[in-house]
Amino acid sequence: MSDSSSPKGVGYGRPPVATQFKPGQSGNPKGRPKGSKNMLNLLMEELDQKVTVTSDGRTQRMSKRRVAVRQQVDRAVKGDPKAFAALMKLESQGFGGDEVDTPGKHHASSEIPLDVYDDILAGLHAGSSMQEGPGHE
């Protein structure tokens with residue numbers, strides 16, 4: 001009753017010989033298609049796409065990445081503490097960059113003078129204490 005091709009029988013860990021992988025055959029013949037992209041590549045492609053933006057009455061084409069950064073900076077400048085904290089976190093992680101060099105001026109890597117940082121922080125602190133209401137410090 002036993003097959004001559006399977007002398008030890010079929011069971012757990014012993015598939016039938018006909019269904020075993022042949023030498024040189026992959027266990028996943030279709031596999032991952034060539035050219036398929038991971039999440040990071042998809043995100044980078046999306047951020048690099050150009051969009052049309054109207055700013056100060058002028059129409060410009062810029063990447064979605066630049067638009068997102070511009071919006072984040074605008075929110076921080078208007079006093080949004082979360083936006084400011086996010087920018088400071090990015091800068092501390094090395095995304096502030098020292099690429100822009102202004103001759104004769106020595107600023108932090110973000111090119112904002114230190115006294116302006118102090119003014120921004122003071123304004124944010126004053127704004128957050130007003131939002132908390134009386135009795136909070």
Colleague: State the CZ-CD distance between R61 and Q49, to the nearest 0.5 angstrom.
Modeller: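 It is 10.0 Å, given to the nearest 0.5 Å.
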Colleague: Check whether any side-chain N or O of N38 sits under 3.5 Å from a backbone N or O of L40 as a donor-acceptor pair, and report yes or no.
Modeller: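 A pair under 3.5 Å: yes.
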Colleague: Heavy-atom count check: over 12 atoms from other residues, nucleotides or ligands less than 6.0 Å from K22 NZ?
Modeller: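 Atom NZ in K22 is crowded, with more than 12 foreign heavy atoms closer than 6.0 Å.
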Colleague: Measure the shortest side-chain to side-chain distance between D48 and R65 over non-hydrogen atoms and say whether it is less than 4.5 angstrom.
Modeller: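 The answer is yes; the side chains approach within 4.5 Å.
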Colleague: Is there a side-chain contact (heavy atoms from CB on, under 4.5 Å) between M62 and K50? Walk through the geometry before answering.
Modeller: CA-CA 5 Å; M62 58 179 68; K50 301 281 185 178; 5.6 Å; no
Colleague: Looking at S55 and Q60, what are the two nearest heavy atoms and their distance?
Modeller: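 In terms of heavy atoms, the two residues are closest at CB-OE1, 4.3 Å.
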Colleague: For A83 versus A76, what's the shortest heavy-atom pair and its separation?
Modeller: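 Here A83 and A76 meet closest at CB-N, 3.6 Å.
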Colleague: Given K82 and R75, is the side-chain contact (heavy atoms from CB on, under 4.5 Å) satisfied, shown in steps?
Modeller: CA-CA 9 Å; K82 287 183 180 179; R75 275 185 248 148; over 6 Å; no
Colleague: Check for me, please, whether V51 and L47 land in the same ILVMFWY cluster - side-chain distances under 4.5 Å, paths through other members count.
Modeller: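 They do not share one cluster, since no chain of ILVMFWY contacts under 4.5 Å joins V51 to L47.
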Colleague: Just do the side-chain contact (heavy atoms from CB on, under 4.5 Å) check on L87 and Q72 with the steps written out, would you?
Modeller: CA-CA 8 Å; L87 286 178; Q72 187 73 10; 3.8 Å; yes
Colleague: Are V69 and L43 in one and the same hydrophobic cluster, where Ile, Leu, Val, Met, Phe, Trp and Tyr link if side-chain heavy atoms are under 4.5 Å apart?
Modeller: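 Looking at the clustering, L43 is in a separate group from V69.
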Colleague: CZ of R66: more than 12 outside heavy atoms within 6.0 angstrom?
Modeller: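 Count not over threshold, so no.
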Colleague: Which is it for V53 and T59 under the side-chain contact (heavy atoms from CB on, under 4.5 Å) test, yes or no, and what are the steps along the way?
Modeller: CA-CA 6 Å; V53 178; T59 302; over 6 Å; no
